There are 2 protein chains.
Amino acid sequence: MTDDPNGPEALPAGGLLARGQGVALWRQIAQRLERDIASGVHAPGGRLPTEAELAGQYNVNRHTVRRAMEELEGRGLVRIEQGRGSFVAEDVVDYSLGPRTRFSEIIRRQNREPGGRILRVSEMAAETGLAEQLGIRRGRPVIVVERLSLADGRPLVLGTHHFPATRFGRLPDLLRADPSITAALTACGVPDYRRRVTRITARLPTPEEAELLQQSRNRPVLVTEAVNIDPAGEVVDVSTGRYAAGRAQLVVES
Amino acid sequence: MTDDPNGPEALPAGGLLARGQGVALWRQIAQRLERDIASGVHAPGGRLPTEAELAGQYNVNRHTVRRAMEELEGRGLVRIEQGRGSFVAEDVVDYSLGPRTRFSEIIRRQNREPGGRILRVSEMAAETGLAEQLGIRRGRPVIVVERLSLADGRPLVLGTHHFPATRFGRLPDLLRADPSITAALTACGVPDYRRRVTRITARLPTPEEAELLQQSRNRPVLVTEAVNIDPAGEVVDVSTGRYAAGRAQLVVES
DNA sequence: GTGCTCGATTTGTATAGACAACTAGTCATC
DNA sequence: GATGACTAGTTGTCTATACAAATCGAGCAC
């Protein structure tokens, strides 16, 4: 760095702030953080340095950093959570629950790229409650599909689907080729289906769920139990969904 | 006030805050100020108690009050001005400058009640510059109309209009009956006119202007010089407008 | 009457300390 | 494996002091 204070060199992001130059320290910090966010130094959803870290980095008081963070929060650039930290804001997906709940449609409607990963396909005998919901006899085989749904590459929903095996025996093969459940059902002779009911609760995720959804084990997931039926009214799918904390909100329009 | 802390009596607005009850002091202060504004204790545009006064009133630190004020400012309820004080926010009028600039239309378009007061009507000989703009000979008489325009009863613009007396000799009588210049011009055979040009500057108001506009003498007013012409292209009015500080912003759409 | 200066007033910034409230991770226990 | 306790880490609130920056009004000079 030259001795010329008006030289062309740009200070690095962590460089000293300009004191007594007419721009409040907190504004300069806010500007730098905004720039770092815009340039991708901090990714959406990513955790920012702590207030103490930033205070040390910029050699200012923690309250000065807080003032800068409040500014960014007010502008929707960051999300501050007591006890957890500060995070780059990311848009929360509005997950509409209605007669035609379709993951890919919902995601595309919000200008994001839907994705899916089939985690596991297995077969098991239906226990009483599930059999009842599916309208089959207890003990009959069901295809269980565990699928992770992503938006823009980020996990959003962890779904467990149950299909009567007698009717949807081909699902495992179909899903190997294309992870779209809607497409697979079409191939099985169900060109359309609709949501009959959705029940919503919340709970803490299991360790495995937390890992798959890329979230903390201490933050609750929204849990849905849904029943989907075909045009004839037959139940085709009983599914459980677990929605990543802070990344989706369920929307029910009356 | 009864000894029962759960009694039905509501604390007066200036009553003590509830400490350690799970609601931050600054939130309680913000809520009370919001309530006072909503109930009309503080009128739009009115000055709020100073930070020091509020700190004393609520028995808190000045920074706690600042936090509350920042909250209200962020929600657009108040306007804080360094060195001047804090004021209840009032909507700033968008004063559109275009071919058909009409005060009453502009005000009504923003759901306010236009009003006007003729301050003075006089006659004088046109000096060189004015004569030139009006397209008359120097020394010819012009009718000078000083009008205060109000929105919802609050002064917004102080206008000085100059009309050629030979053509608009009836203006004084007409304006006595109805303070609408547009209506008076119609009665004088000018059913329509449009804005040819507007020049904008800013300066500090004179003491009289400040008083009429109900503002500080230290705050600049926006000043416009406008030329209005009739359908035949003849200049009908050369006017000066002085817009109250903080209450109007000129809007020019390209 | 006007403009300038100065003191008082008011908000804005920065630091500092202390403690509350919340969260996450670890570890022990069942 | 699940649960609860505990600890460390992180943000939130409140107070306090000091000084900067902006504004206002009074007084005075011209």
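Since the structure is predicted, the reported quantities are computational estimates derived from the model, not experimental observations. A, B, ... follow the sequence lines: proteins, then strands. Residue 1 opens every chain.
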Nucleotide [N], atom [atom2] - distance to [atom1] of [X] in whole Å:
| X | N | atom1 | atom2 | value |
| --- | --- | --- | --- | --- |
| A/Leu54 | D/dG9 | CG | P | 17 Å |
| B/Gln215 | D/dT23 | CD | P | 14 Å |
| B/Arg67 | D/dT11 | CZ | C1' | 12 Å |
| A/Phe87 | D/dG9 | CZ | C1' | 12 Å |
| A/Arg19 | D/dA21 | CZ | P | 14 Å |
| B/Arg66 | C/dT10 | CZ | P | 14 Å |

Minimum heavy-atom separation for B/Gln215 to B/Ala244, with atom names? OE1-CA, 3.3 Å

For A/Ser39, what residues pass the side-chain contact (heavy atoms from CB on, under 4.5 Å) criterion, not counting sequence neighbours? A/Val41

Residues which pass side-chain contact (heavy atoms from CB on, under 4.5 Å) with B/Gln82, listed by chain and number, not counting sequence neighbours: none

Could you list, one pair per line, each protein nitrogen or oxygen that sits under 3.5 Å from a nitrogen or oxygen of nucleotides 24-30 of chain D, together with the distance?
| residue | atom | partner | partner atom | Å |
| --- | --- | --- | --- | --- |
| D/dC24 | OP1 | B/Arg84 | NE | 2.6 |

Between the two ends of the helix from C/dG1-D/dC30 to C/dC30-D/dG1, what is the bend in degrees, rounded to 10 degrees, where each end axis spans five pairs? 20°

Check side-chain hydrogen bond (donor to acceptor under 3.5 Å, both in side chains) between [X] and all other residues, then give those that pass, not counting sequence neighbours.
| X | answer |
| --- | --- |
| A/Arg147 | A/Ser149 |
| A/Arg79 | A/Glu81 |
| A/Arg75 | A/Glu34 |
| A/Gln249 | A/Asp94 |

Of all residues at least two apart in sequence or in a different chain, which pass the salt bridge (charged side-chain N to carboxylate O under 4.0 Å, His left out) check with A/Arg120? A/Glu146

Side-chain touch A/Phe87/A/Val78, heavy atoms, less than 4.5 angstrom: no

Beyond-backbone contact of A/Thr224 with A/Tyr243, side-chain heavy atoms, under 4.5 angstrom: yes

Check nucleotides 16-20 of chain C for protein N or O atoms closer than 3.5 Å to its own N or O atoms and list the pairs.
| residue | atom | partner | partner atom | Å |
| --- | --- | --- | --- | --- |
| C/dA16 | N6 | A/His63 | NE2 | 3.3 |
| C/dG17 | O6 | A/His63 | NE2 | 2.3 |

Sequence neighbours excluded, every pair satisfying salt bridge (charged side-chain N to carboxylate O under 4.0 Å, His left out) that has a member inside residues 201-210 of chain B: B/Arg203-B/Glu209, B/Glu209-B/Arg242

Per the under-4.0 Å heavy-atom filter, residues of residues 68-81 of chain A near DNA chain D come out as A/Ile80, A/Glu81

Residue whose nearest DNA chain C nucleotide is more 5′ - A/Val23 or B/Ala52: B/Ala52

